[in-house]
2 protein chains.
Amino acid sequence: MLKQDDYKQHISEKFNTELEAIKNHLLEMGGKVEQQLSEAVEALVARDTGEAESIVNRDHEVNQMELAIDDECATILARRQPAASDLRLVVAVMKVNTDIERIGDEAAKIARQAIRLAEENVSPTNYVEIRHIGSHVGAMLRKSLDAFARLDLELAVEVVKEDSKVDKEYDSAMRSLVTFMMEDPRDIGAILNEMWALRSLERIGDHAANIAEHIVYLVRGQDVRHRSLEDFIEQVGDI
Amino acid sequence: MLKQDDYKQHISEKFNTELEAIKNHLLEMGGKVEQQLSEAVEALVARDTGEAESIVNRDHEVNQMELAIDDECATILARRQPAASDLRLVVAVMKVNTDIERIGDEAAKIARQAIRLAEENVSPTNYVEIRHIGSHVGAMLRKSLDAFARLDLELAVEVVKEDSKVDKEYDSAMRSLVTFMMEDPRDIGAILNEMWALRSLERIGDHAANIAEHIVYLVRGQDVRHRSLEDFIEQVGDI
């Protein structure tokens, strides 16, 4: 019997290693996307076309990571038939994987707007809104990844709260850009590019909040997506 | 032994029923979202604020369907431990579920733009682009759902091809809206609302193409996401 127990333990250790591996691969991809985002905002503000092009060209690396992680997850589901919290981890990784890849797409879109903006004359806005919202959603993304790494519910709740703030900042930034447009219609093209970049940043905030919601599912086994902020906080309130 | 065989057959039939059920629930949700999309475009063009508000208010129904389908999938994974094509079906349903829910979100965003547009004076564009691209992506969505229902690779390839056409139509529509803006800056507010609606339509086209790619994974076991159109067609070419 001892031998069989050893064998079982061996299998179980190997399984744990595989689960740790998908989590680490996801976090690695998250770190890469976080960097792409901060570089894209930097390239836009600094009018650095070379850097922006390099970001667009590196988007495929994140796409490949997404495919590899989904593949690892499918293999674990087929071979290990995980249950309970192990199963929830695999499901959460598959969902978060989609959100991180979409954040990568949005970072590449910001880089494309940076290339277009560099071709225009100097913006009348000095990119104040983009700098501000860019650093805000960058911090949200970092927190959501930290929360995933440490299964930290408190941090996850913070990210969801931040998203409502970003939405308000976004609305106010849009209103001020419309005013700039009306003041000088010759700037319409440049300001539209800024608006698209802002829209991408707002979407990145949404995806970071999605990641936070998946962490709640992972830790608690409760699906808190599509709840209002109040419900969400109440749901995870006793942390 | 007969009894045990009966029992096994019973289990297997029950499992097949469950797999059919998640597929049907997904298609039902897809049908609902397809309707929301066509109603949202109709409400925008007809300046029908009541209809637009009703669409926004019904978005939560689609959200609930998404949660229920993910829950069914997690239960099947935990209880049935599916393998091979059964596992691929469950994974594909979980992925397509996310895309359909996002299409529902975009339809609700279009309805919100419809409400804002109804408050503006008559648009100078007569919504020509929105009508056209709206019916184009509506057809793509319908085809992608049909392709999923029938596991029809040929139809899935068609959807991916259509997406490149939609992207071109979108770019050209945007250029003409910028021209309208510059001609009369008083229309900037209204035209921006049209631009956001168009952006949502373009995203819906992307999601329909994602659904088509998941069908290829489901049928062939090959992941064709993030391929160029040529690679994609070559990959599924021998259909």
Side-chain angles (χ1 to χ4, degrees), chain A residues 59-60 62-68 70-71 73-75 77-84 86-88 90-92 94-95 97-99 101-102 104-105 174-175 177-189 191-192 195-196 199 203 206 210 214 217 221-228, chain B residues 59-60 62-68 70-71 73-75 77-84 86-88 90-92 94-95 97-99 101-102 104-105 174-175 177-189 191-192 195-196 199 203 206 210 214 217 221-228:
Chain A
D59 185 39
H60 71 97
V62 170
N63 296 341
Q64 289 311 312
M65 288 170 113
E66 183 199 16
L67 296 182
D70 270 349
D71 200 44
C73 288
T75 305
L77 287 174
R79 290 206 195 140
R80 304 288 181 189
Q81 305 169 337
D86 293 339
L87 176 59
R88 287 209 303 276
V90 179
V91 169
M94 290 179 72
K95 293 283 183 179
N97 195 20
T98 304
D99 281 302
E101 191 272 333
R102 299 272 156 88
D105 280 351
M174 280 293 168
R175 275 193 301 271
L177 289 179
V178 172
T179 312
F180 277 118
M181 267 188 177
M182 288 177 167
E183 278 169 8
D184 194 345
R186 284 169 304 179
D187 292 329
I188 284 176
I191 292 176
L192 270 175
M195 284 180 165
W196 298 130
R199 180 78 157 193
R203 293 295 299 146
D206 289 345
N210 289 347
H214 289 302
Y217 164 76
Q222 289 166 332
D223 206 325
V224 291
R225 288 176 289 174
H226 308 307
R227 299 278 181 91
S228 73
Chain B
D59 186 38
H60 72 96
V62 170
N63 296 343
Q64 289 312 312
M65 288 169 112
E66 183 199 17
L67 297 181
D70 270 348
D71 199 45
C73 288
T75 305
L77 288 174
R79 291 207 194 138
R80 305 290 181 188
Q81 305 168 336
D86 294 338
L87 176 59
R88 287 208 303 276
V90 179
V91 169
M94 289 179 71
K95 293 284 182 179
N97 195 20
T98 304
D99 282 301
E101 191 273 332
R102 300 272 155 89
D105 280 350
M174 280 294 170
R175 275 194 301 272
L177 289 179
V178 172
T179 311
F180 277 118
M181 267 187 177
M182 289 175 166
E183 279 169 7
D184 193 346
R186 285 170 301 179
D187 292 329
I188 285 176
I191 293 176
L192 270 175
M195 284 181 164
W196 298 130
R199 182 77 157 192
R203 293 296 299 146
D206 289 345
N210 289 347
H214 289 302
Y217 163 76
Q222 290 165 331
D223 206 325
V224 292
R225 288 176 289 172
H226 308 306
R227 300 278 180 91
S228 72

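Within every chain, numbering begins at 1; the chains are lettered A, B, ... in the order of the sequence lines, protein sequences first and strands thereafter.
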Between CE on residue B/M195 and CE on residue A/M195, distance to nearest 0.5 Å: 9.0 Å

Separation between OH of A/Y217 and CG of B/D70, rounded to the nearest 0.5 Å: 8.0 Å

Distance-minimising heavy-atom pair for B/K95 and A/M94: NZ-O, 3.1 Å

For A/L87 against B/A74, the heavy-atom pair lying closest together: CD2-O, 3.6 Å

Side-chain ion pair, A/R225 and B/D71, N-O less than 4.0 Å: no

Sub-4.5 Å side-chain heavy-atom contact between A/L192 and B/M174: no

pair A/R186-B/M182: side-chain heavy atoms closer than 4.5 Å: no

Below 4.5 Å from any heavy atom of chain B, which atoms of [X] appear? Answer side chain, backbone, both or neither.
| X | result |
| --- | --- |
| A/D187 | neither |
| A/N210 | side chain |
| A/R79 | neither |
| A/R227 | neither |
| A/R175 | neither |

Criterion side-chain contact (heavy atoms from CB on, under 4.5 Å) on A/I188 and B/I188, from CA distance to verdict: CA-CA 9 Å; A/I188 284 176; B/I188 285 176; 3.9 Å; yes

Max heavy-atom pair count under 4.5 Å with chain A, selected residue of B/H60, B/R199, B/M181: B/R199

When B/R88, B/E66, B/Q64 are compared by non-hydrogen pairs under 4.5 Å with chain A, the top option: B/E66

Reference residue A/H226; test side-chain contact (heavy atoms from CB on, under 4.5 Å); the match among B/V62, B/L67, B/D59: B/L67

Step-by-step salt bridge (charged side-chain N to carboxylate O under 4.0 Å, His left out) determination, B/D99 to A/R102: CA-CA 12 Å; B/D99 282 301; A/R102 299 272 156 88; 3.6 Å; yes

